[in-house]
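Numbers here are sequence positions counted from 1. Counting convention: from 1, in listed order, for ligands and their atoms alike. Computed from a prediction, not measured in an experiment: that's the story for all the values here.
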Amino acid sequence: MAETFKNYINGAWVDSRSGASFENRNPADRDDVIGTFPQSDATDVEAAARAAAEAYKTWRLIPAPKRGDMLRAAGDILVRRKDELARAMTREMGKPVFETKGDVQEAIDTAYYAATETRRLFGYNAPSELANKVNLSFRVPIGVCGIITAWNFPMAVPSWKILPALACGNTIVYKPSEDAPHSGNLMAEVLEEAGIPAGVFNVVHGASECGAAIVEHPEIRVIGFTGSTVVGNEIASRAGAMNKKVSLEMGGKNAQIVMPDADLNLALEGALWGAFGTTGQRCTATSRLIIHEAIYDDFINRLITKAGKIKIGPGLEEGTEMGPVINEKQLKRVEEYVRIGREEDKAVCILGGDRATGSQDTANGWFFLPTIFIDVTRDMRIAREEIFGPVLSILKARDLSDAIDILNDTPYGLSSSLYTANVNDAFRAIRDIEAGITYINVPTIGAEAHMPFGGVKGTGNGHREGGWTAFDIFTEWKTVYIDYSGSLQRAQIDNY
Ligand code: NAD
């Protein structure tokens, strides 16, 4: 019998008001039902938002360092439960356990980082233009935050939003992805044990209807979203009309450039990890490889040999290097892009291009082979659109300027990478690449919790998660003027 999971509202585990539910299955094994989860609608969101609004009245008044103590405790609990949580995440979303352990570790890092930030949350002061007057500005919480996330980092990505938001004194209505709902409940368990009071953190499960109800709820003042650009833009226009603060982390079409002077073994390792790590299902995945013409053929030959040996299988099995894609819909999307790639111009699919059904390990899941297209040109759809699967498009560049030009020729701007031994080229690339993140001699993936994370163009709307910039999302500025002159001093008038 499949386990029945519930929503977490006001410190209690409850079913959806309608009684509707949905099922979640292991993408590596269709017969493995993880459980059923509430299919929540606007009435459930209403209950969660009400609980969060009530809890906000007291949570905002708790001294920030005391809130930080609870976040530190959450970090300790995540450390204690790391292996168990990693295995649960692998079961629901597929990536190998060594990767889901990294996912939990990022939440641990974020918890400890947010805890220490509660002793800073710096404001600033500046001299007044008038005598006997003090000017201060400090951060204040905003209220109830609606957090809506994707499934590919079920612990790390929500933690980037939830933990800083709590540190700042906000309360939360969280909707995990319907493809990784169990992790949302695990997060609630951790925060409850850490001492976060009832109502401060709430989880409602569901799909787009539930997410839309969060976006439209008048009591929810901030929306923190991670997901596709199509959905993010829709959310931004609805929330914008209600004057909500909206932080969007959306899609990517990231590229790695390889120059002839690079350490080519390192560049090769980087390309394999960037393109096929998490089965290519990272917002920062390397989905384009831009190779200098002088090393184009040689580098491709070495890459194909290595990529063809990647061990595909269930993430829970020791030795698996690449797990399944998340679900049947995504598998079909990947297949469709392979079909488009094969039909486009002169691109050639030289590796993979099919479902990986060859072994007992993969027969029952949504597995796809590592796939490589060569001779791709920048105008092709497989060079421009986010595929979100193990598909790498390789393009040829004449020189560094041409490579950067190709890299920038995309609607997205999240991550980018350059492999070179030439320091001048590295700094030119850092200056000219249009992306929120540029790695030098590092693949396009590998963000750290204490550094700003986010992208430009179609990837984001100007906010950055990670680092102290996340605290900008979840606070407002309150400016205070204190006049101790004992007389009416009119700024801009009495002093000039
Ligand atoms: P998605 O946009 O389909 O769904 C994301 C979340 O939004 C889910 O919880 C979903 O239920 C919810 N949702 C869907 N429709 C909604 C609506 N109309 N109103 C409110 N909520 C709605 O994305 P996905 O398939 O879960 O994730 C893959 C995408 O996420 C990729 O594009 C990837 O690049 C992106 N992503 C970005 C980052 C980043 O930090 N930039 C990180 C991880 C994933």
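In terms of protein heavy-atom proximity, atom 25 (O) of ligand 1 is closest to Trp151 NE1, 3.5 Å. Nearest protein neighbour of atom 34 (O) of ligand 1, counting heavy atoms only, is Glu386 OE2, 2.6 Å. Ranking the protein heavy atoms by distance from atom 21 (N) of ligand 1 puts Gly211 CA, 3.5 Å first. For atom 27 (O) of ligand 1, the nearest non-hydrogen atom of the protein is Ala150 CB, 3.2 Å.
Around the NZ atom of Lys332, the shell of radius 6.0 Å holds no more than 12 heavy atoms that belong to other residues, nucleotides or ligands. The environment of CE in Met242 is crowded: more than 12 heavy-atom neighbours from other residues, nucleotides or ligands sit within 6.0 Å.
Residue-to-ligand polar distances keep Thr459 apart from ligand 1: every N/O pair is separated by 3.5 Å or more. At least one N or O atom of Thr149 sits closer than 3.5 Å to an N or O atom of ligand 1. Polar contact check, Arg282 against ligand 1: no nitrogen or oxygen pair lies under 3.5 Å apart.
Heavy atoms of Arg238 come nearer than 4.0 angstrom to ligand 1 in at least one pair.
Between atom 30 (O) of ligand 1 and the options Gly251, Ser415, Gly227, the minimum heavy-atom separation is to Gly227. Counting heavy atoms only, Ser208 comes closest to atom 17 (C) of ligand 1 of the residues Ser208, Gly460, Gly454. With atom 22 (C) of ligand 1 as the reference point, the heavy atom nearest to it among Ile223, Val231, Asp179, Val230 is part of Val231.
In this structure, Trp13 and Tyr8 have tilted ring planes: the angle between them lies in the 30° to 60° band.
In Glu234, the part holding a heavy atom less than 4.0 Å from any atom of ligand 1 is the side chain.
For the side-chain hydrogen bond (donor to acceptor under 3.5 Å, both in side chains) with Lys95, the lone residue among Thr90, Thr279, Asp103 that qualifies is Asp103.
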